[in-house]
Trainee: 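Pasting a structure below so you can have a look.
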Amino acid sequence: MGFDCIHMNLHKTFATPHGGGGPGAGAVGCKAFLKDYMPRSALMEGEGRLQVRSFAGNFLVVVKALTYLMTLGQEGIPEASANAVLNANYLMHQIKGTFQPAFDRLCMHEFVLALSEFKKQTGVSALDVAKSLIDHGMHPPTMYFPLIVHEALMLEPTETESKQTLDEAAEVFRKLYALAQTDPQYMHEAPHHTEIGRPDEVKAARYPVLRYRP
């Protein structure tokens with residue numbers, strides 16, 4: 001494909017979520033002219049190609065991906081992919097008419113809602129919607145990505161969701177859409193039913209607490 005260096009990320013396709021900032025795993029390959037810039041301990045040679053590796057990567061992530069592939073098998077892998085695409089399109093069409101997709105066309109395994117106009121009308125942001133989903137027992141979708149879509153929410157239902165859970169999720173989105181029209185302040189203060197409401201996310205990023213102290 002013309003790249004000088006490429007990472008084959010095990011995310012998503014091979015059962016590795018990105019939630020919580022990772023874990024990332026997968027082979028990194030580079031062209032031979034980069035050899036002199038690579039740590040000698042990280043290079044493996046074979047068949048005229050170079051592969052970058054570490055001695056202790058995310059081993060369990062790789063094992064999980066291999067297990068997933070072996071469990072699904074040759075027929076199961078494309079079936080899982082097809083179901084992921086079906087679920088994403090189904091949920092998108094269930095939500096459409098309230099929150100609007102950024103790209104109103106068939107999607108692949110994920111779709112993006114654009115809430116910029118919705119925010120102008122109600123004052124409720126994508127962050128407010130995401131926090132409100134927590135009160136309904138739903139993990140918020142990816143927020144503010146891709147960057148080219150303002151007030152973006154990116155939903156990835158995956159192949160494992162049933163029609164029932166997708167219908168329940170769509171109903172929650174419709175309820176929040178209606179709530180934003182009548183009580184936007186309630187959504188500004190969400191979540192209401194968690195031990196911690198809205199932490200200082202900037203401070204959390206700059207001064208992370210990496211150790212639990214009971």
Side-chain angles (χ1 to χ4, degrees), residues 1 3-31 34 38-47 49-92 107-113 130 133-134 136-147 152-170 172 194-196 199 201 204-205 208-212 214:
M1 291 183 286
F3 300 118
D4 294 335
C5 188
I6 189 168
H7 175 213
M8 180 181 153
N9 196 347
L10 293 181
H11 167 50
K12 193 178 308 171
T13 307
F14 302 105
T16 304
H18 264 179
V28 178
C30 66
K31 290 182 177 178
L34 292 172
M38 297 291 111
R40 298 304 307 168
S41 61
L43 288 177
M44 296 169 57
E45 296 190 45
E47 299 180 0
R49 287 176 289 183
L50 295 174
Q51 182 180 13
V52 181
R53 68 172 176 83
S54 66
F55 288 113
N58 285 319
F59 177 74
L60 291 179
V61 172
V62 179
V63 171
K64 182 174 65 173
L66 176 62
T67 304
Y68 178 74
L69 291 171
M70 293 179 69
T71 301
L72 290 178
Q74 187 174 357
E75 295 180 357
I77 294 170
E79 180 182 355
S81 300
N83 287 338
V85 173
L86 176 64
N87 282 351
N89 279 280
Y90 179 77
L91 183 59
M92 180 177 67
C107 65
M108 295 300 289
H109 63 282
E110 64 191 16
F111 64 94
V112 179
L113 298 176
L133 289 171
I134 298 174
H136 292 270
M138 290 176 60
H139 192 288
T142 300
M143 296 184 296
Y144 301 124
F145 186 85
L147 300 178
L153 289 178
M154 186 170 69
L155 282 72
E156 307 175 61
T158 77
E159 72 280 3
T160 58
E161 298 295 344
S162 66
K163 181 178 181 298
Q164 178 183 348
T165 59
L166 294 174
D167 288 338
E168 291 171 356
V172 169
T194 56
E195 184 176 342
I196 299 175
E201 296 183 20
V209 178
L210 303 178
R211 188 174 171 190
Y212 174 71

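Along the sequence shown, the residues carry numbers beginning at 1.
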Trainee: Do the non-hydrogen side-chain atoms of Thr142 and Leu153 ever get within less than 4.5 Å of each other?
Mentor: no
Trainee: Out of curiosity, Glu79 CD to Leu86 CG, how far, rounded to the nearest 0.5 Å?
Mentor: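 Glu79 CD to Leu86 CG: 11.0 Å, rounded to 0.5 Å.
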Trainee: Is a donor on one side and an acceptor on the other found under 3.5 Å between the side chain of Asn87 and the backbone of Glu161?
Mentor: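 Side chain of Asn87 to backbone of Glu161: a pair is present.
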Trainee: Using every non-hydrogen atom in the two residues, find where Lys31 and Phe3 come nearest and quote the distance to one decimal.
Mentor: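 It is CE-O, 3.0 Å.
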Trainee: Taking the side chain as C-beta and beyond, is there a heavy-atom pair between Cys107 and Val85 under 4.5 Å?
Mentor: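 Result no, sub-4.5 Å side-chain heavy-atom pair not found.
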Trainee: Quick check: do Met1 and Ile6 have side-chain heavy atoms less than 4.5 Å from each other?
Mentor: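 A side-chain contact under 4.5 Å exists here.
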Trainee: Among residues at least two apart in sequence or on other chains, which ones pass side chain to side chain contact (heavy atoms under 4.5 Å, CB included) with Ser162?
Mentor: Gln164, Thr165
Trainee: Just so I know, are the side chains of Val172 and Glu168 near enough to count as touching, which here means a heavy-atom distance under 4.5 Å?
Mentor: no
Trainee: Search all heavy atoms of Pro140 against all heavy atoms of Leu133 and return the closest pair with its distance.
Mentor: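 Minimum heavy-atom separation between Pro140 and Leu133: CA-CD1, 4.3 Å.
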Trainee: Within a strict 4.5 Å, meaning less than it, do heavy atoms of the Pro146 and Val112 side chains meet?
Mentor: yes
Trainee: Given Met92 and Asn89, is the side-chain contact (heavy atoms from CB on, under 4.5 Å) satisfied, shown in steps?
Mentor: CA-CA 5 Å; Met92 180 177 67; Asn89 279 280; 3.8 Å; yes
Trainee: Could you tell me if the side chain of Met154 sits less than 4.5 Å from the side chain of Phe111, heavy atoms only?
Mentor: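 They are not in contact (no side-chain heavy atoms under 4.5 Å apart), so the answer is no.
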Trainee: Between Leu155 and Glu110, is any pair of side-chain heavy atoms under 4.5 Å apart?
Mentor: no
Trainee: What is the minimum heavy-atom distance between Ala169 and Met138, and which atoms define it?
Mentor: CB-CE, 3.8 Å
